[in-house]
*Asks:* 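Have a look at the structure that comes next, please.
We count ligands from 1, going down the list as the structure has it; atoms in each ligand are counted the same way. Quick note: residue numbers are just sequence positions, from 1.
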Amino acid sequence: MTIKQQFSIDFNYDIFFSRDAFDPQNPILVNVLTENGAREGKAIVIIDGGLLSSMPLLRVKIEQYFSAHSSLRLLAPVTVVIGGEDVKNDSKELFKILELINTAQVDRHAYVIGIGGGAVLDMVGFASAIGHRGIRHVRFPSTVLSQNDSGVGVKNGVNAFNKKNFIGSFYPPFAVINDFSLLQTLHDRDWRAGTSEALKVALIMDLEFFEWLEKYATQIRDRDLGKMEYLITRCAQLHAQHIVGNNDPFETGSSRPLDFGHWAAHKLEQLSDFSIKHGEAVAIGISLDIAYANRAGFITDDILERILHTIENLGLDTFHDLFFNESGIEFNPDLMVGLEEFREHLGGELTITMIERIGTKFDVHEMNPKWLQDAALKLKNKYQVHAS
Ligand SMILES: NC(=O)c1ccc[n+]([C@@H]2O[C@H](COP(=O)([O-])OP(=O)(O)OC[C@H]3O[C@@H](n4cnc5c(N)ncnc54)[C@H](O)[C@@H]3O)[C@@H](O)[C@H]2O)c1
Ligand SMILES: [Zn+2]
């Protein structure tokens, strides 16, 4: 006998864009935490240590926000975790949050609020997903990359066995609140790094957005907050649209278009011991894939030049020495392994996203090693000409 089971669950969450979200006059958070008609919105708050050291008054502001609203209750003092990739590499941080969920009696009607960069949100999101088999999770992304990309999606995770995001889950947040005022203290590298994800979605989905990026790249790089707010809003919108519109939010297929440029990026991050940041690696990975697309005859020289120029104007690199082994000529076999790891992460057939025009993507199922080497050499030569 066979009993067939089938059900579907509707997920929905709002992504808010605001400034000064912890000003007691700002209603977004209190509305989110009480939207289910609950008499009291109970929550714990976990904050990125790097963010807090740049913005030391934030902790007090959060506590004041909770005291200013009688319908809200903090179940524990604001808790600080390490900022950056270390928080995903050190399982003690994950267990610290699980322990807090236990001791503060955070139940499935309460909320775990994470405030920080993509790394902290990935770890806190994962703790929320597994504590009591899933507690409502509200994200406050505090970097460009997390506001326009990682924080608005449905994935979380931590690193294990020397592999990024090896342990994690698909667990949609309860809400995302993008507070632009958090971005002011970002270091220049983090400010610039996140812009590569906007370039990525523009290249695969939206010519007009690419043209906007091309036009304003240097202003964005030089910290024009107004331009950055538009970049984040449009990029988050395209990401969100893709997650829903592609009908595969939990990535059961083999295609990962939002990971354009990422097969090399993930490996470069790892090979450099994470000294290359994710967003920086994405810019380099996109450069390699578009140089490959040009070598394979998918895009013209003119398009290649336009995109590389925009990446440079955004203040990001288009080349890295790790493209080659010690000879400086042969494509790095360690980087090549990234292709297989990329396939393995999803299973199924190798599927790499390519572009044929700006805004139009398609999939390829193999990468020619010789063309990859040619692409890397072309980028190296350009880079050397610029450097001299
Ligand atoms: N879940 C997903 O779908 C997804 C997608 C893309 C990337 N990611 C992950 O996101 C992570 C990268 O995120 P990121 O680029 O935000 O970097 P990050 O989280 O490493 O943060 C960068 C640094 O900035 C600090 N910081 C954070 N906010 C700050 C602020 N406002 N002012 C000053 N300092 C601040 C942090 O402490 C950290 O040192 C990677 O682990 C990557 O794998 C996840
Ligand atoms: Zn990315």
*Asks:* Hey, which residues fall under 4.0 Å of ligand 1 on heavy atoms?
*Replies:*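 The answer is D48, G50, L51, S54, G83, G84, E85, K88, G117, G118, A119, D122, S142, T143, L145, D149, S150, K155, K164, L182, T185, L186, D190, H278, counting any residue whose heavy atom sits under 4.0 Å from ligand 1.
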*Asks:* Can you pull out every side-chain hydrogen bond (donor to acceptor under 3.5 Å, both in side chains) where at least one residue sits in residues 108-120? Sequence neighbours excluded, please.
*Replies:*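 Applying side-chain hydrogen bond (donor to acceptor under 3.5 Å, both in side chains) to every pair that reaches into residues 108-120, excluding sequence neighbours, yields Y111-R136.
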*Asks:* For residues 223-236, pull every pair meeting side-chain hydrogen bond (donor to acceptor under 3.5 Å, both in side chains), keeping only residues two or more places apart or in separate chains.
*Replies:*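 Qualifying pairs, neighbours excluded: R19-E229, D188-R223, D206-R234, R234-Q237.
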*Asks:* Do K163 and E341 meet the salt-bridge criterion of a basic N to acidic O distance under 4.0 Å?
*Replies:*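 Looking at K163 together with E341, the answer is no, because their closest N to O distance does not fall below 4.0 Å.
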*Asks:* Is any side-chain N of the basic residue among E85 and K164 closer than 4.0 Å to the acidic one's carboxylate O?
*Replies:*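 The answer is yes: the pair qualifies as a salt bridge.
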*Asks:* Applying side-chain contact (heavy atoms from CB on, under 4.5 Å), name anything that partners E340, two or more places apart in sequence or on another chain.
*Replies:*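 Per chain and number, E340 pairs via side-chain contact (heavy atoms from CB on, under 4.5 Å) with R343, E344.
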*Asks:* Output the atom name for the N/O/S atom of H262 with the smallest distance to the Zn ion (ligand 2).
*Replies:*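 H262's closest N, O or S atom to the Zn ion (ligand 2) is named NE2.
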*Asks:* Rounded to the nearest 10°, what angle sits at the Zn ion (ligand 2) between OE2 of E197 and NE2 of H278?
*Replies:*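 Centred on the Zn ion (ligand 2), the OE2/NE2 angle is 90° (to 10°).
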*Asks:* Taking the six-membered ring of F319, is the NZ or CZ of K382 close enough (under 6.0 Å from the centre) and on axis enough (within 45°)?
*Replies:*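 Because its charged atom misses either the 6.0 Å distance or the 45° angle limit, K382 does not stack over F319.
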*Asks:* Would you mind telling me which of T195, T353, D259, D149 makes a side chain to side chain donor-acceptor pair (under 3.5 Å) with K200?
*Replies:*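 In the set T195, T353, D259, D149, the residue that makes a side chain to side chain donor-acceptor pair (under 3.5 Å) with K200 is D149.
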